[in-house]
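Numbered from 1 within each chain, the chains take letters A, B, ... in sequence-line order. No hydrogens, no waters, no symmetry mates; every other heavy atom, side chains included, goes into these values.
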Amino acid sequence: MSEERKSLNFLEQIIEEDLANGMPQSKLRFRFPPEPNGYLHIGHTKAIGISFGFGEKYNAPVNLRFDDTNPAKEEQEYVDAIKEDVAWLGYKWDKELFSSDYFQQLYDWAVQFIKEGKAYVDSQTSEAMAEQKGTPTQPGIDGPYRNRTVAENLDLFQRMKAGEFHEGSHILRAKISMQHPNMLMRDPIMYRILKKHHHRTGNDWCIYPMYDWTHGESDYIEQISHSLCSLEFKPHRELYDWFLDQITDPNLIRPKQREFARLNLSYTIMSKRKLLKLVEDGIVRGWDDPRMPTISGLRRRGYTPNAIRKFVETVGVAKRDNIIDVSLLEFCIREDLNKTAPRVMAVLDPVKLVITNYPEGKEEWLDAENNQEDDSAGFRKVPFSRELYIEKDDFKEEANSKYFRLSLGNEVRLKNAYIIKGESVVKDSDGNITEIHCTYSEDTSKKVKGTLHWVSIKHAIKAEVREYDRLFMDEAPDSHQDKDFMEFLNPESLKILEAFVEPSLKSAKVGDRFQFQRLGYFNVDSDASAEKLVFNKTVGLRDTWAKQEQEKQPETKPVQQNNNTSQPQRKAIDVIQQLGKKYTNLPEAKQLKAKEEIQQLANEVSFDELQPLFNTAAKKVGTRIATIISLGVLLKNGLQRNTDIEEFINNALEDSNLILVKEAQEITF
RNA sequence: UGGCUUAUGGUGUAACUGGCAACACGUCUGGUUUUGGUCCAGAAGAGUCUAGGUUCGAGCCCUAGUAAGCCAACCA
């Protein structure tokens, strides 16, 4: 009985608690409420994964509700795209709903609010109202229309609805308090006049409810038990609850809003507004450009629903700001594709290889395993002949023993074929290698260090291959207050190659995923046609060789370079403290190193910075040792002794820790 | 300057009512291998933001700081 208790995240704990307190599981209900004003991105996947994930875990319904209260920004195109993406991820919603379905009910409740003196029509300019609202640190003041009579409010509101007024001339506000510490509670707007065509209600309405007024009541109407959203809505919760308080029937479920930290991915942006700018400025080819962090972009790039779901699951749920490393996403897609993608051979940067002892005109069709990770994948035939393409990178005229690939005089294996030995090269007038000549041997049992992929020139088919790099060169492109995210655009995020692929790929269909052996995972792009194959590189294979090569020439990593500059410089005293903490736990050799480091750093430390550490608790020996060492440096640099210093040293001399005593003795004399 | 939230290895999350910090990614070794992939074995890396306190014992509790994020759209 190895009852492995899976630790629960804080949202699961809340649900479990509600269940334990008597809420029947059958009352559990969730919702995913996108605004149809853009495409879903990887960040939304977290929200989707949480709410739909709970739906699956607790066997509870999950509604897909489009929050469509702003006809100026919302479009049917986005509704369709969102539905496609959620479905593609493999989630099933219970009901497809729209906030606009509740416009009448919301209106009726608003009238009731007015009658009860809980709402009023304000007729000022937005500037005047903003002024009265105050600031986070200063309370607001009541506006001149705050005490209109019920009859007057009712009349105005009905005429707003009837379309008698211009946009901006009147609004309906909840009457709460202009002095409330929470800005959102200072008589928030419930309705504004918008004479716009709505994608679903057409021209039926010219007043539209605001988010806060709509969201909680929609949850209530749908009897959502847990309304989960991201952290920036935390301050809205108070208002969410206030609106609910006015209408809730105690016999019905009262929805609970709870907030979690949204997902951020390194080197990418998640704001729909900013993504839209990339689309509109033509930086990318559309919302589904494979470089985009949108779900449709990832799909086109070759990501699988499985991989994305695994990713959000792995990322976890908590309340602190986070930036997930893209390498985790890449790990998830490799893990999935490794198991499922058929292996094929493709040469992206070709150089001609001639096997001089292979008969001209001869061809053989050799067996190739489709996927060694999958026994059921079977075999296919690949054509072999005297003239092949291999990767330029796979040949060097001369190489050291660490280079496993082809070089003159050395043998390598051709994947699925024979062993060859480099003999000579043919060069053009500029010294570029145009042909590599080699001989082959049919004894394939030999042990050789390297294996190369190849294609037969005569049989190969041409294909366009699109390689992608990150869109931004900064880890957090939209987190700089002084710089626009567009400044960090990577000019080389797309590279288009003319490649040669094995003939079995002729029948590949749009969306098919493959592993190009030794290179990475690729899928057929939707731009492909019967005449022209187009592949996207989904992700490369892990490449420890390339990593080693790169380390040799650090200046060839322009993208990584940024990293260092963006890392804040820690203050010397902080580093000293850090080193001190672990000092006593270090083995002797490392202690010496740490000591040297502390002494080095101490040169940059002032006495004012060091003095507070004199008060370090007696039991924190490591910190005291680091302080003593630093103090020694300061004294050597001419610091005058004072009583604080003497006392600190004397205390150290009497300590039970021998290292501390020793260090103290060293500076006593 | 007010309110709210958060603080654990390079990154993300754990640690049930206090019991000598775990998992994943990443990094580094070594082995296997017709992919420098996969797989296998192993290692390094945090004493939990700081300073006090309670306790036999604190990442968890208390106090005071510090830092970061969010909040003043007729957006959601």
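We find that CD of A:E313 is positioned 14 Å from P of B:A14, with the value rounded to whole Å. Atom CD1 in A:I189 sits roughly 12 Å away from atom C1' in B:A72 (whole-Å rounding). Taking atom CD of A:E369 as the reference point, atom C1' of B:U33 lies 12 Å away to the nearest angstrom. The distance between atom NZ of A:K449 and atom P of B:G36, rounded to the nearest whole Å, is 13 Å. For the pair A:N371 CG and B:C39 C1', the computed distance is 13 Å after rounding to whole Å.
Ring centroid separation for the pair A:Y78 and A:Y39 comes in under the 6.0 Å cut-off. Under the 6.0 Å cut-off for aromatic ring centres, A:F384 and A:Y418 qualify, their centroids lying closer than that.
A residue-by-residue look at A:N416 and A:I193 shows that A:N416 has its nearest nucleotide of RNA chain B further toward the 5' end. Toward the 5′ end of RNA chain B lies the nearest nucleotide of A:S479, the other residue of the pair A:Y191 and A:S479 mapping further downstream.
Using a 4.0 Å cut-off, some side-chain N or O of A:R192 falls inside it from OP1 or OP2 of B:C75. Of the side-chain N and O atoms in A:K447, one or more sit less than 4.0 angstrom from OP1 or OP2 of B:U33. For the pair A:R186 and B:A72, the criterion of a side-chain N or O lying under 4.0 Å from OP1 or OP2 is not met. Here A:T544 reaches the OP1 or OP2 of B:G37: one of its side-chain N or O atoms lies under 4.0 Å away. Here A:T314 does not reach the OP1 or OP2 of B:C25: none of its side-chain N or O atoms lies under 4.0 Å away. For A:K234, no side-chain nitrogen or oxygen approaches OP1 or OP2 of B:C4 to under 4.0 Å. Between A:R542 and B:U38 there is a side-chain polar atom (N or O) within less than 4.0 angstrom of OP1 or OP2.
Residue A:T444 has its side chain nearest to B:U34 when only B:A14, B:U34, B:C75 are considered. Of the candidate nucleotides B:C75, B:G36, B:U11, B:C75 has the atom lying nearest to any side-chain atom of A:E35. Of all nucleotides listed (B:G36, B:C75, B:G37), B:G37 comes nearest to the side chain of A:E373. Taking every side-chain heavy atom of A:T137 into account, B:U1 is the closest of B:U1, B:U35, B:U34. Proximity note for A:T451 (side chain, C-beta onward) versus B:U13, B:C74, B:U35: the nearest is B:U35. Set against B:U27, B:G12, B:C25, the side chain of A:S327 has B:C25 as its closest nucleotide. Of the candidates B:A72, B:G69, B:U5, B:A72 carries the atom nearest the A:T135 side chain, counting heavy atoms from C-beta on. When the nucleotides B:U5, B:A76, B:U35 are ranked by their closest atom to the side chain of A:Q372, B:U35 comes out on top.
Using a 4.0 Å heavy-atom criterion, one finds that A:H453 contacts no nucleic acid atom at all. Across all strands, A:N182 comes closer than 4.0 Å to no nucleic acid atom at all (heavy-atom distances). Looking at heavy-atom distances under 4.0 Å, A:M129 makes contact with a base. Within 4.0 Å of A:Q124, counting heavy atoms only, lies at least one base atom of the nucleic acid. Note on A:K415: a base of the nucleic acid sits closer than 4.0 angstrom, heavy atoms only. If you check every strand for non-hydrogen atoms under 4.0 Å, A:T214 touches nothing. Counting any heavy atom pair closer than 4.0 Å across all strands shown, A:Y403 reaches a base atom. Within 4.0 Å (heavy atoms only), A:L194 reaches no atom of the nucleic acid at all. Within the nucleic acid shown, A:V448 has no heavy atom closer than 4.0 Å to any nucleic acid atom. Nucleic acid contact class of A:K547 (heavy atoms, under 4.0 Å, all strands): sugar-phosphate only. No contact: A:A130 has no heavy atom under 4.0 Å from any strand. Using a 4.0 Å heavy-atom cutoff across all strands shown, A:F233 reaches at least one base atom of the nucleic acid. Here A:I171 lies in heavy-atom contact (under 4.0 Å) with a base.
Using a 3.5 Å distance cut-off with no hydrogens or angles, the side chains of A:Q257 and A:H215 do not pair a donor with an acceptor. A donor atom on one side chain and an acceptor atom on the other are not found under 3.5 Å apart for A:S441 and A:D443. If you check the side chains of A:Y403 and A:E549, you find no donor sitting under 3.5 Å from an acceptor.
To the nearest 0.5 Å, atom CG of residue A:N416 and atom CZ of residue A:F379 are 9.0 Å apart. Considering OG1 of A:T69 and CZ of A:F98, their distance stands at 13.0 Å, rounded to 0.5 Å.
For A:K396, the NZ atom is densely surrounded, since the number of other residues' heavy atoms within 6.0 Å is greater than 12.
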| request: For RNA chain B, produce a single dot-bracket line, 5' to 3'. Pairs: Watson-Crick or G-U wobble, both distances under 3.5 Å. Symbols: ( ) within strand, [ ] crossing, | other strand, . unpaired. | output: .((((((..((((.....[..)))).(((((.......))))).....(((((..]....))))))))))).....
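Here A:Y211 does not lie in a stacked arrangement on the base of B:A76, lacking the combination of planes under 30° and ring centres under 5.5 Å apart. By the criterion of a centre-to-centre distance under 5.5 Å and near-parallel planes under 30°, the ring of A:F331 forms no stack with the base of B:G26.
With both ends at atom C1', the span from B:A24 to B:U17 equals 28 Å, rounded to whole Å. Remark: the separation of the C1' atoms in B:G52 and B:C70 is 30 Å, to the nearest Å. As rounded to the nearest Å, B:C28 and B:C71 have C1' atoms that lie 45 Å from one another. Across the C1' atoms, B:G37 and B:U32 are found 13 Å apart, a figure rounded to whole Å. Between B:C40 and B:G26, the two P atoms lie 13 Å apart (nearest whole Å). Remark: the separation of the P atoms in B:A21 and B:G59 is 9 Å, to the nearest Å. Remark: the separation of the C1' atoms in B:A7 and B:C60 is 14 Å, to the nearest Å. Comparing the C1' positions of B:C61 and B:U54 gives a spacing of 8 Å, expressed to the nearest Å.
For A:R405 against B:G36, a side-chain-to-base donor-acceptor contact under 3.5 Å is present. For a distance-only test at 3.5 Å, the side chain of A:E238 fails to qualify as a donor-acceptor partner of the base of B:G3. With hydrogens and angles ignored, a donor-acceptor pair closer than 3.5 Å exists between the side chain of A:R343 and the base of B:U35. Judged by distance alone with a 3.5 Å cut-off, a donor-acceptor contact links the side chain of A:Q515 to the base of B:U35.
Within the 4.5 Å cutoff, no side-chain heavy atoms of A:Y240 are placed close to those of A:D212. Counting heavy atoms from C-beta outward, A:S169 and A:I193 have side chains that approach closer than 4.5 Å.
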| task | Check the pair A:N410 / A:R405 against side-chain contact (heavy atoms from CB on, under 4.5 Å), numbers first and verdict last. | result | CA-CA 8 Å; A:N410 276 326; A:R405 284 108 104 136; over 6 Å; no
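Both cation-pi conditions hold for A:K161 and A:Y107: the charged atom is under 6.0 angstrom from the six-membered ring centre and inside a 45 degree cone around its axis.
The glycosidic torsion of B:G47 lies within 90° of 0, which places this base in the syn conformation.
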